[in-house]
Amino acid sequence: MIPNTTIRGVLSAAIFAVSAAMLAPPQAAQAQSVRAKAGIVLVDPHDGPAVRNIDNVLTLYQMMINENKAVQGTAKFLTPGYVQHNPLIADGSAALGKYFAGVKAAHPSAHVVVHRIIAVGDYVFAHVNFVNLLTDDANDTGVAGVDIYKMNAEGKAVEHWDVLELVGDPKNSAPWAGPNIPRANPNGMF
């Protein structure tokens with residue numbers, strides 16, 4: 001038999017969760033949708049700024065790449081003086097918005113899949129797969145990336161670093177290293 005206090009506790013938690021979802025601003029609801037698709041989300045649920053930072057980065061990806069709203073997304077979630085460490089993109093939120101608007105114009109099927117996202121303090125780390133970023137090939141395996149964002153007190157990105165590599169396929173596991181390189185293990189990149 002389950003004690004009444006346990007049932008009341010479970011019902012109260014469920015009602016709170018439903019109420020919170022109904023009262024959540026559209027941005028949080030959008031982030032929740034993207035978060036549900038991410039393979040692993042690591043954040044202390046009691047760390048409000050870290051939870052907000054993850055939601056903001058997830059919504060940034062969704063708007064900037066998946067929804068073709070790069071200019072709006074970067075204006076909303078990056079500071080104007082955003083420092084960019086990727087040598088292909090200039091500093092500033094407008095530059096990143098312009099870059100991804102150009103990517104989507106050249107490759108309309110470009111999208112990002114977030115596999116893991118972690119927030120600690122002012123930092124958000126995301127393990128992602130950018131698909132069709134460089135090509136329109138339906139069989140594109142994409143670019144694997146680890147993005148690191150430094151966030152400010154308002155939850156906007158002020159600085160960004162990334163590490164990127166081409167994702168291999170069964171014929172060539174490491175296209176960035178050379179042609180026809182066999183896999184040394186059965187593990188995927190994600």
Side-chain angles (χ1 to χ4, degrees), residues 27 30-31 34-35 37-43 49-50 52-137 140-169 172-178 188-190:
Q27 173 187 324
Q30 185 177 22
V34 178
R35 184 187 295 198
K37 296 174 187 169
I40 298 174
V41 178
L42 295 176
V43 64
R52 177 210 52 217
N53 291 344
I54 277 184
D55 288 346
N56 288 357
V57 169
L58 288 171
T59 305
L60 171 66
Y61 283 132
Q62 186 65 22
M63 289 179 73
M64 184 171 64
I65 304 169
N66 295 345
E67 294 179 357
N68 198 16
K69 297 178 183 174
V71 173
Q72 300 94 317
T74 55
K76 185 172 184 173
F77 295 108
L78 280 60
T79 62
Y82 171 81
V83 177
Q84 175 64 260
H85 293 276
N86 182 318
L88 300 175
I89 305 167
D91 287 338
S93 60
L96 186 64
K98 182 178 177 181
Y99 176 82
F100 276 105
V103 166
K104 287 296 281 189
H107 307 290
S109 61
H111 63 280
V112 63
V113 178
V114 179
H115 290 275
R116 290 164 193 80
I117 190 161
I118 302 165
V120 177
D122 296 336
Y123 290 89
V124 176
F125 302 79
H127 184 207
V128 300
N129 186 9
F130 296 105
V131 180
N132 290 125
L133 199 63
L134 307 170
T135 179
D136 292 319
D137 181 356
D140 180 41
T141 53
V143 176
V146 174
D147 284 316
I148 304 169
Y149 297 91
K150 182 176 183 185
M151 311 297 279
N152 69 11
E154 289 79 43
K156 292 188 174 196
V158 297
E159 196 163 3
H160 168 264
W161 301 261
D162 61 22
V163 179
L164 304 169
E165 74 177 283
L166 296 173
V167 177
D169 60 34
N172 188 8
S173 68
W176 52 269
M189 292 185 73
F190 302 102

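Throughout, numbering of the chain's residues begins at 1 and tracks the sequence. Everything numeric here is computed off the predicted structure, so don't read it as measured data.
The side-chain hydrogen bond (donor to acceptor under 3.5 Å, both in side chains) check on Asp136 picks up His107, with sequence neighbours excluded. Annotation: ring pair (Phe, Tyr, Trp, His ring centres under 6.0 Å) contacts of Tyr123 (sequence neighbours excluded): none. A search for side-chain contact (heavy atoms from CB on, under 4.5 Å) contacts involving Gln72 returns Met63, Lys69, not counting sequence neighbours. Residues passing the ring pair (Phe, Tyr, Trp, His ring centres under 6.0 Å) test with Trp161 are His85, sequence neighbours excluded. The side-chain contact (heavy atoms from CB on, under 4.5 Å) test applied to Ala50 returns Val43, Asp47, Ala119, not counting sequence neighbours. Under the side-chain contact (heavy atoms from CB on, under 4.5 Å) criterion, Ala177 pairs with Ala174, Ile181, not counting sequence neighbours. Residues meeting the side-chain contact (heavy atoms from CB on, under 4.5 Å) test with Thr79, sequence neighbours left out: Tyr82, Asn152, Lys156, Val158. Under the side-chain hydrogen bond (donor to acceptor under 3.5 Å, both in side chains) criterion, Asp147 pairs with Tyr61, His160, sequence neighbours left out.
In this structure, Leu166 and Leu134 approach most closely via the heavy-atom pair CD2-CD1, 4.3 Å. The minimum heavy-atom distance between Pro175 and Gly168, with the atom names listed, is CD-CA, 3.6 Å. Summarising the geometry of Gly97 relative to Ala70, their closest heavy-atom pair is O-CB, 3.4 Å, with the distance given to 0.1 Å.
The shortest side-chain heavy-atom distance between Phe125 and Ile117 does not fall under the 4.5 Å cut-off. The shortest distance between side-chain heavy atoms of Asn129 and Val167 falls below 4.5 Å. Counting only heavy atoms from C-beta outward, the side chains of Tyr149 and Leu60 approach each other to under 4.5 Å. Contact annotation: the side chain of His115 never approaches that of Met189 to less than 4.5 Å [non-hydrogen atoms, C-beta and beyond]. The shortest side-chain heavy-atom distance between Ile118 and Val120 falls under the 4.5 Å cut-off. Considering only heavy atoms from C-beta on, Val128 stays 4.5 Å or farther from Val113 through its side chain. In this structure, the side chains of Met151 and Val124 come closer than 4.5 Å at one or more pairs of heavy atoms.
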Mind listing the side-chain donor-acceptor pairs of residues 86-93 below 3.5 Å, one per line with the distance, residues two or more places apart or on another chain?
{"from": "Asn86", "atom 1": "OD1", "to": "Leu88", "atom 2": "N", "distance (Å)": "2.8"}
{"from": "Asn86", "atom 1": "ND2", "to": "Asp162", "atom 2": "OD2", "distance (Å)": "3.0"}
{"from": "Asp91", "atom 1": "OD1", "to": "Gln84", "atom 2": "N", "distance (Å)": "2.8"}

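Distance check, rounded to the nearest 0.5 Å: OG1 of Thr141 to CG of Asn172 gives 9.5 Å. If you take CG on Leu58 and CZ on Phe77, they are separated by 10.0 Å, rounding to the nearest 0.5 Å.
Arg116 places a side-chain N or O within 3.5 Å of a backbone atom of Phe190 that can act as its donor or acceptor partner. The closest donor-acceptor contact from the side chain of Lys104 to the backbone of Ile65 lies under 3.5 Å. Judged purely by atom type and a 3.5 angstrom limit, Asn53 uses its side chain to pair as donor or acceptor with the backbone of Pro49. For Thr135 (side chain) and Asn132 (main-chain N/O), no donor-acceptor pair under 3.5 Å exists by modelled atom type.
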Exercise for the section: Any chance you could lay out the side-chain contact (heavy atoms from CB on, under 4.5 Å) test for Leu96 and Met64, step after step, and finish with the verdict? Expected result: CA-CA 9 Å; Leu96 186 64; Met64 184 171 64; 3.8 Å; yes
